[in-house]
Amino acid sequence: MLVSAKEMLDKAKAGHYAVGQFNINNLEWTKAILQTAQECNSPVILGVSEGAGKYMTGYKTVVGMVNGMLEELNITVPVALHLDHGSYDHCYKCIEAGFSSIMFDGSHYPIEENVAKTKELVAAAHEKGISIEAEVGSIGGEEDGVVGMGECADPNECKAIADLGIDFLAAGIGNIHGKYPANWAGLSFETLDAIQKLTGDMPLVLHGGTGIPADMIKKAISLGVAKINVNTECQLSFAAATREYIEAGKDKEGKGFDPRKLLAPGAEAIKATVKEKMELFGSVGKA
Ligand code: 13P
């Protein structure tokens, strides 16, 4: 059964480790991530962007697929199904469809409007036992065509949003989605420290988990980060393994590739990436 992400993240924050959010795009990714979480005895969050939800035909299909896998793969570790960077309308769609967690990304609205919309969605989510993440300060890079500049959040705005009753908070601290440029200044631990001082026990979320050096990840966890999002790194490992398989030319005498065999190396690569992240984040054995 899907669970809200609140309890697993409160535990992670108190225990000084982080739970990984791995974004899903299809059946193979979902299965690989769930199997790895079970094998590592780790809680896990499956992230679904609006674009990925659309690609997988819609949120109800995603909920059906994930619930079916939890049962048929005998998954017993805590699993949350979470809308990633949701708009106001799509938060409602996911609440209706059976997601167990949502993120409302109101970071592009003026702070007053972000506050008003977040407040309303907190009530709607909590009424159904669903956890909710909010964002302050846009996270840089490009995701699903949305480009942010990677600013640092204002700690006082973070406090204002945290006080609305959200379950965890994403705050920009110089992190960006996708690969980091060579001249990246690194995470702003000063900002993170100030945010944690004002928001207390609130689990903090680090987006753009791909390409952040291990020592920075560990320091971020020590300053209150309890959820780390990873997408690009799974994409890169999946693509590399699939490319290698195709280049090896193992098609069936001109009949093309067996689709199940074609996608298997990519799924194995995702498993390896997810396991490595769970070890780095410290969530192994924490289910
Ligand atoms: P990366 O694609 O950089 O791993 O970031 C993922 C993310 O933050 C999803 O919200």
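Atoms within a ligand are numbered from 1 in the order they appear, just like the ligands themselves. Quick caveat: nothing in here was measured; it's all calculated off a predicted structure.
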Out of S49, G208, G211, the nearest non-hydrogen contact to atom 8 (O) of ligand 1 is supplied by G208
Quick look: D84 vs ligand 1, heavy-atom contacts under 4.0 Å, and the answer is side chain
Does K286 have more than 12 heavy atoms from other residues, nucleotides or ligands lying within 6.0 Å of its NZ? yes
Exercise. Could you walk me through whether N229 and H207 pass the side-chain hydrogen bond (donor to acceptor under 3.5 Å, both in side chains) test, one step at a time?
Key: CA-CA 5 Å; N229 294 4; H207 282 248; 3.0 Å; yes
F168 meets the ring pair (Phe, Tyr, Trp, His ring centres under 6.0 Å) criterion, sequence neighbours left out, with H82
| said: Take a 6.0 Å sphere around NZ of K117 and say whether it holds more than 12 heavy atoms from other residues, nucleotides or ligands. | reply: yes
Would you check whether T210 has a nitrogen or oxygen atom less than 3.5 angstrom from a nitrogen or oxygen atom of ligand 1?
-> yes
A student checking ligand 1 against H85 at a 4.0 Å heavy-atom cut-off should list atoms 10 (O)
Does at least one non-hydrogen atom of G47 fall below 4.0 angstrom from an atom of ligand 1? no
- Answer yes or no: does an N/O atom from N231 fall short of 3.5 Å to an N/O atom of ligand 1? yes
Counting heavy atoms under 4.0 Å, the part of Q235 that contacts ligand 1 is neither
H207 heavy atoms within 4.0 Å reach ligand 1 at atoms 8 (O), 10 (O)
Determine whether the side chains of Y59 and E96 contain a donor N or O and an acceptor N or O closer than 3.5 Å.
no
Near G178 (heavy-atom distance under 4.0 Å), the atoms of ligand 1 are 1 (P), 2 (O), 3 (O)
Within 4.0 Å of some non-hydrogen atom of T232, the atoms of ligand 1 are 1 (P), 2 (O), 3 (O), 4 (O)
Within 4.0 Å of some non-hydrogen atom of V230, the atoms of ligand 1 are 4 (O)
d(L223 CG, L206 CG) to nearest 0.5 Å is 11.0 Å
Rounding to 0.5 Å, atoms CG (L34) and NZ (K271) come to a distance of 11.0 Å
With sequence neighbours left out, the residues meeting ring pair (Phe, Tyr, Trp, His ring centres under 6.0 Å) with F189 are none
